[in-house]
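Comments concern the structure below.
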2 protein chains.
Amino acid sequence: MKLIDILDATPFGIGYRLAFLTNFWREPILRQMEKDFGIIRPELTVLMCLSFRDDVHARDICEVTEQPSNTVSRGVASLEKKGYLARTRDTDDTRRQVLRITPEGRVMHDKIMTRFAQAEQKMLGVLSKQEQTDLLCLLDKVARDVENWRS
Amino acid sequence: MKLIDILDATPFGIGYRLAFLTNFWREPILRQMEKDFGIIRPELTVLMCLSFRDDVHARDICEVTEQPSNTVSRGVASLEKKGYLARTRDTDDTRRQVLRITPEGRVMHDKIMTRFAQAEQKMLGVLSKQEQTDLLCLLDKVARDVENWRS
DNA sequence: CCCAGTTAGTTCCACATGGAACAATATATT
DNA sequence: AATATATTGTTCCATGTGGAACTAACTGGG
């Protein structure tokens, strides 16, 4: 009995394969990331948001990622302690704090992103360039439509 | 700022979209499943294995799903308490116990499977039948190749 | 200006999870 | 046959996580 056989028995072949691939692609890297760098999932989430756009508030990260505020709060606090982000009080609203990634934070972020990218390439090795393009296109179509189907 | 924009900035477009779709498709159902039926993730894992094949041992489930034994142990214990599976001592090896899903367990399993299937159909609404077939084919190709790329 | 209601971020608490130690049983070696 | 080793499944413990309560600060209506 293999996992892929159970997979085949379900009435949601695409969904299950999505979950299957996500698990085998992402989870090992997240575990390794924690082991090698001491960075855990919610910290990476914050790091990715700050890498994409500087000077955001914790609240923004909550909204974009749909993470609970306490999770983001802990991620921000621990990243600051590690020197990967800096926070300053917002002068307009002193409840808020402006978050910014540090150079060290960006280095760490890029290192982790590279791992994901390399693992992706390895995962897609069985597909031709054209097939990879097709797959990306199909996934993108569904992902962009998310607001129409999410429950 | 939208999540999909951060997604586009990463050097692993396919991987990130896989994770994105998995999150928005699977996670809401798992949360709802717990709320409506009191079934949590490791319990569902056990239930799906037993639905696929009867008379297995907890150890088999550990190997197939790569779950730690304590997680499976708890899942089995709680499912038994709820009447969704029955366990009997294996006469050949009294350390082992033979697991079997009950009719109530199968009803619950099917109810949950239906939810996943319906959510999948909704998710794929934006794709044509041909595109859905293509997507399934591509995902299957990569999934079947898992032993060659998993880290 | 004051108070009710709202919002940003943190802390508290309850629980799910996985690693490691453990007890019971089976298997291998001599 | 006796002892050492391996295996099955459970319990213990440390940690990650999210809901809810909480504090501090802002906003709007009277």
Side-chain angles (χ1 to χ4, degrees), chain A residues 1 23 26-47 49-50 55-82 85-100, chain B residues 1 23 26-47 49-50 55-82 85-100:
Chain A
M1 184 164 64
N23 282 342
R26 182 179 61 180
E27 301 309 317
I29 302 179
L30 289 175
R31 279 195 293 273
Q32 201 60 36
M33 175 182 76
E34 178 173 5
K35 209 172 149 196
D36 293 347
F37 308 131
I39 303 280
I40 60 177
R41 192 183 303 231
E43 293 173 335
L44 178 61
T45 306
V46 171
L47 216 49
C49 289
L50 292 185
D55 296 345
V56 297
H57 302 139
R59 177 60 32 183
D60 301 327
I61 299 178
C62 292
E63 281 164 16
V64 168
T65 64
E66 304 187 25
Q67 292 286 303
S69 59
N70 53 6
T71 298
V72 172
S73 174
R74 276 188 293 256
V76 168
S78 54
L79 284 174
E80 187 192 34
K81 196 184 288 182
K82 293 170 187 167
L85 71 77
R87 48 179 167 180
T88 54
R89 286 256 155 236
D90 189 329
T91 49
D92 292 343
D93 183 341
T94 61
R95 290 172 309 180
R96 296 182 183 173
Q97 39 200 358
V98 180
L99 305 178
R100 184 172 297 199
Chain B
M1 184 163 65
N23 281 342
R26 183 179 60 181
E27 300 309 317
I29 301 178
L30 289 175
R31 278 195 294 273
Q32 200 60 35
M33 175 182 78
E34 178 173 4
K35 209 172 150 195
D36 293 347
F37 308 132
I39 304 280
I40 60 177
R41 192 183 302 231
E43 293 173 334
L44 178 62
T45 306
V46 172
L47 215 49
C49 290
L50 292 185
D55 296 345
V56 297
H57 303 138
R59 177 60 33 184
D60 301 327
I61 300 178
C62 291
E63 281 165 15
V64 169
T65 64
E66 304 187 25
Q67 291 285 303
S69 60
N70 54 5
T71 298
V72 173
S73 174
R74 276 188 294 256
V76 168
S78 53
L79 284 174
E80 187 193 34
K81 196 184 289 181
K82 293 170 188 167
L85 71 77
R87 48 179 167 180
T88 53
R89 284 259 154 234
D90 189 328
T91 50
D92 292 343
D93 183 341
T94 61
R95 289 172 308 179
R96 298 180 181 174
Q97 39 201 359
V98 179
L99 306 177
R100 184 172 299 199

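Note that the structure is a prediction, hence the values are computed from the model and not measured. Residue numbers start from 1 in every chain, and the chains themselves are labelled A, B, ... in the order their sequence lines are given, proteins ahead of strands.
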What residues form a side chain to side chain donor-acceptor pair (under 3.5 Å) with Arg87(B), not counting sequence neighbours? Glu80(B)
Who are the side chain to side chain donor-acceptor pair (under 3.5 Å) partners of Arg89(B), not counting sequence neighbours? none
For Ile40(B) and Met33(B) the tightest heavy-atom approach is C-CE, 4.1 Å
Shortest non-hydrogen separation from Asp92(B) to Asp90(B) and the atoms involved: N-OD1, 2.8 Å
Nucleotide [N], atom [atom2] - distance to [atom1] of [X] in whole Å:
{"X": "Asp93(B)", "N": "dA28(C)", "atom1": "CG", "atom2": "P", "value": "12 Å"}
{"X": "Glu34(A)", "N": "dG19(C)", "atom1": "CD", "atom2": "P", "value": "11 Å"}
{"X": "Gln97(B)", "N": "dT25(C)", "atom1": "CD", "atom2": "C1'", "value": "13 Å"}

Please work out if Arg31(A) contacts a base, only the sugar-phosphate, or nothing of the nucleic acid, heavy-atom cut-off 4.0 Å. nothing
Please classify the nucleic acid contact of Arg87(B) as base, sugar-phosphate, or nothing, using heavy-atom distances under 4.0 Å. sugar-phosphate
Is any side-chain N or O of Arg74(B) under 3.5 Å from a base N or O of dG18(C), one able to act as donor and the other as acceptor? yes
Pairs in or reaching into residues 28-47 of chain A: which pass side-chain hydrogen bond (donor to acceptor under 3.5 Å, both in side chains), with residues at least two apart or in two chains? Glu27(A)-Arg41(A), Gln32(A)-Asp36(A), Asp36(A)-Arg115(A), Glu43(A)-Ser78(A), Glu43(A)-Lys82(A)
The side chain to side chain contact (heavy atoms under 4.5 Å, CB included) partners of Asp55(B) (sequence neighbours excluded) come to Val98(B), Arg100(B)
What pairs with Thr71(B) under side chain to side chain contact (heavy atoms under 4.5 Å, CB included), at least two apart in sequence or on another chain? Pro42(B), Gln67(B), Pro68(B), Arg74(B)
Please tell me which of Arg41(A) and Arg89(B) maps to the more 5' nucleotide of DNA chain D, matching each residue to the nucleotide holding its nearest heavy atom. Arg89(B)
About how many Å separate OG1 of Thr88(B) and CG of Leu99(B), when rounded to the nearest 0.5 Å? 8.0 Å
Let me confirm one number: the CG-CG distance from Leu47(B) to Leu85(B), rounded to the nearest 0.5 Å. 7.5 Å
Determine which pairs satisfy salt bridge (Lys or Arg N to Asp or Glu O under 4.0 Å) with at least one residue from residues 56-69 of chain B, sequence neighbours left out, and list them in order. Glu66(B)-Arg150(B)
Listed in order of residue number, which residues of residues 63-73 of chain B have a non-hydrogen atom at under 4.0 Å from DNA chain C? Gln67(B), Pro68(B), Asn70(B), Thr71(B)
Can you list the residues that meet the salt bridge (Lys or Arg N to Asp or Glu O under 4.0 Å) rule with Arg96(A), with sequence neighbours excluded? Asp93(A)
Along nucleotides 1-7 of chain C, 5' to 3', which nucleotides get a B, which get an S, and which get a -, given that the test is a protein heavy-atom distance under 4.0 Å? ------B
Contacted region of DNA chain D by chain A, from 5' end to 3' end of the hits, cut-off under 4.0 Å to heavy atoms, spans dT17(D) to dC26(D)
